[in-house]
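Report on one structure; see the data block that follows.
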Number of protein chains: 2
Amino acid sequence: MDAIGILKQLKDKGVRFTPQRQAILEFLLETESHPTADEIYHHVKAKFPGVSLGTIYNTLNMLKEHGHLLELSYGDMSSRFDGNPKNHYHIVCSHCGRVVDYHRPLIDIDQEVMDNSGFKILGHRMEFYGICPECRKGERLN
Amino acid sequence: MDAIGILKQLKDKGVRFTPQRQAILEFLLETESHPTADEIYHHVKAKFPGVSLGTIYNTLNMLKEHGHLLELSYGDMSSRFDGNPKNHYHIVCSHCGRVVDYHRPLIDIDQEVMDNSGFKILGHRMEFYGICPECRKGERLN
DNA sequence: TTTAATTTTAAAATCATTGTAATTTACATT
DNA sequence: AATGTAAATTACAATGATTTTAAAATTAAA
């Protein structure tokens with residue numbers, strides 16, 4: 001579904017349709033990256049010069065509560081937001097902090113969790129922790 | 001391996017052995033919980049009244065860099081630290097923020113990732129996102 | 001035991017995120 | 001189309017987790 005469709009659907013739940021929200025959601029749906037709140041802010045600012053970071057966070061939290069967005073948090077940086085989880089996971093280097101994609105079909109497990117937990121599962125996130133090839137070489141952390 | 005063993009091993013890599021570090025690592029290894037930095041701080045303070053939060057973070061980052069610790073970050077709360085990943089994953093409610101354990105044997109996938117990525121994989125984290133039973137009932141977010 | 005380097009401490013600084021108060025907007029109801 | 005009102009936006013202040021700093025203390029190693 002596109003941004004307009006999602007926002008129209010949310011209207012039935014009392015969420016107002018604003019042009020700022022449309023711009024934010026459209027960007028989230030069209031981008032392949034996992035932008036930070038600040039990156040979204042700068043992008044939306046091109047269309048709406050007066051938009052504030054507060055509005056970005058407000059909209060992201062609203063979308064998250066309604067299950068249209070995954071928030072990916074790392075320890076030492078801003079959260080990143082994923083409007084459409086793709087077929088990949090992430091590997092994080094515990095030494096240098098680098099994050100690389102690991103392409104692989106998503107593990108088919110959400111239904112199992114839904115059946116056993118009573119949650120309505122919207123998606124999952126999987127992250128591998130390790131030491132990247134460069135750090136292994138350069139700093140012999142093995 | 002126990003705290004002393006790990007710290008002795010780290011000594012070969014130029015990491016100094018201090019009693020504060022020993023106390024922090026011992027607590028991480030013995031606890032079943034996933035404590036925040038502040039919880040670790042208060043616990044270690046019982047033995048070392050003069051210890052500072054700065055030392056806690058310093059030690060946690062050191063352990064993380066050397067792969068002896070997983071940092072679990074959520075969007076809206078402090079990071080939690082896991083000294084020995086147990087047989088469970090987490091489910092996070094996108095609406096109310098609650099985190100519950102989902103007990104299940106860990107997926108056997110680290111070796112595959114290690115072979116394909118060149119990273120030395122130390123562990124993984126899996127988190128399910130959804131709407132918890134209470135939020136589904138009370139607020140009809142389906 | 002001496003020395004140099006690292007760690008600790010305590011306090012200040014940083015930065016992502018949230019809260020606030022005033023203004024504006026969306027939208028249901030006239 | 002005009003109006004009322006609740007919700008959203010804006011600009012800015014506040015919060016709180018984490019990092020940095022500088023000086024003092026402690027550690028490892030010669």
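Fair warning: this is a prediction, and the values are worked out from it, not measured in the lab. Reminder, nothing fancy here: chain letters follow the sequence lines and each chain counts from 1.
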Q. Between atom CG in A/Leu60 and atom P in C/dT18, what is the gap in whole Å?
A. 9 Å

Q | Side-chain donor-acceptor pair present, A/Gln111, A/Asp115, cut-off under 3.5 Å | A | yes

Q | side chain to side chain donor-acceptor pair (under 3.5 Å) assessment of B/Tyr129 paired with B/His90 | A | CA-CA 9 Å; B/Tyr129 294 90; B/His90 291 116; over 6 Å; no

Q) When rounded to the nearest 0.5 angstrom, what distance separates CG in B/Leu122 from NE2 in B/His66? A) 12.0 Å

Q.
Return the CG to CG distance between B/Leu7 and B/Leu63, rounded to the nearest 0.5 Å.
A.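 Going from the CG atom of B/Leu7 to the CG atom of B/Leu63 covers 7.0 Å.
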
Nucleotide N/O to protein N/O under 3.5 Å, stretch nucleotides 21-25 of chain C:
unit_1 : atom_1 : unit_2  : atom_2 : d
C/dT25 : O2     : A/Arg16 : NH1    : 3.3

Q: Take A/His34 and A/His88 through the ring-ring contact (aromatic ring centres under 6.0 Å, His included) test and state the conclusion after the steps.
A: CA-CA 12 Å; A/His34 303 154; A/His88 70 262; 5.4 Å; yes

Q: For B/Asp38 and for B/Lys11, find the nucleotide of DNA chain D with the closest heavy atom, then tell me which residue's nucleotide is more 5'.
A: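 Looking at the nearest nucleotide for each, B/Asp38 comes out on the 5' side.
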
Q) Taking all non-hydrogen atoms of both residues, which atom of B/Ile131 and which atom of B/Cys93 are closest, and how far apart? A) CA-SG, 4.0 Å

Which atom pairs link the protein and nucleotides 11-14 of chain D when you take only N or O atoms and keep those under 3.5 Å?
unit_1 : atom_1 : unit_2  : atom_2 : d
D/dA11 : OP2    : A/Gly50 : O      : 3.3

Q.
Can you identify which nucleotide, out of D/dA28, C/dT18, C/dT7, has its nearest atom closest to the B/Asn58 side chain?
A. C/dT7

(Q) As a test of reading the structure: which of C/dC27, D/dA8, C/dT7 is closest to the side chain of B/Arg21, going by heavy atoms? (A)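 Side chain of B/Arg21 sits closest to C/dT7.
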
Q: Measure the angle between the two terminal helix axes of the helix from C/dT1-D/dA30 to C/dT30-D/dA1, five base pairs each, and quote it to 10°.
A: 40°

Q. Would you say the ring centroid of B/His124 lies under 6.0 angstrom from that of A/Tyr102?
A. no

Q | Phosphate OP1/OP2 of D/dT10 contacted by A/Gln20 side-chain N/O (<4.0 Å) | A |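 Looking at the OP1 and OP2 atoms of D/dT10, one of them is under 4.0 Å from a side-chain N or O of A/Gln20.
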
Q. Angle class for the B/His43/B/Phe27 ring planes (parallel below 30°, perpendicular above 60°, tilted otherwise)?
A. parallel

Q) Could A/Glu127 and A/Arg125 be called an ion pair, given the rule that one side-chain N must be under 4.0 Å from one carboxylate O? A)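 A salt bridge is present here (some side-chain N lies under 4.0 Å from a carboxylate O).
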
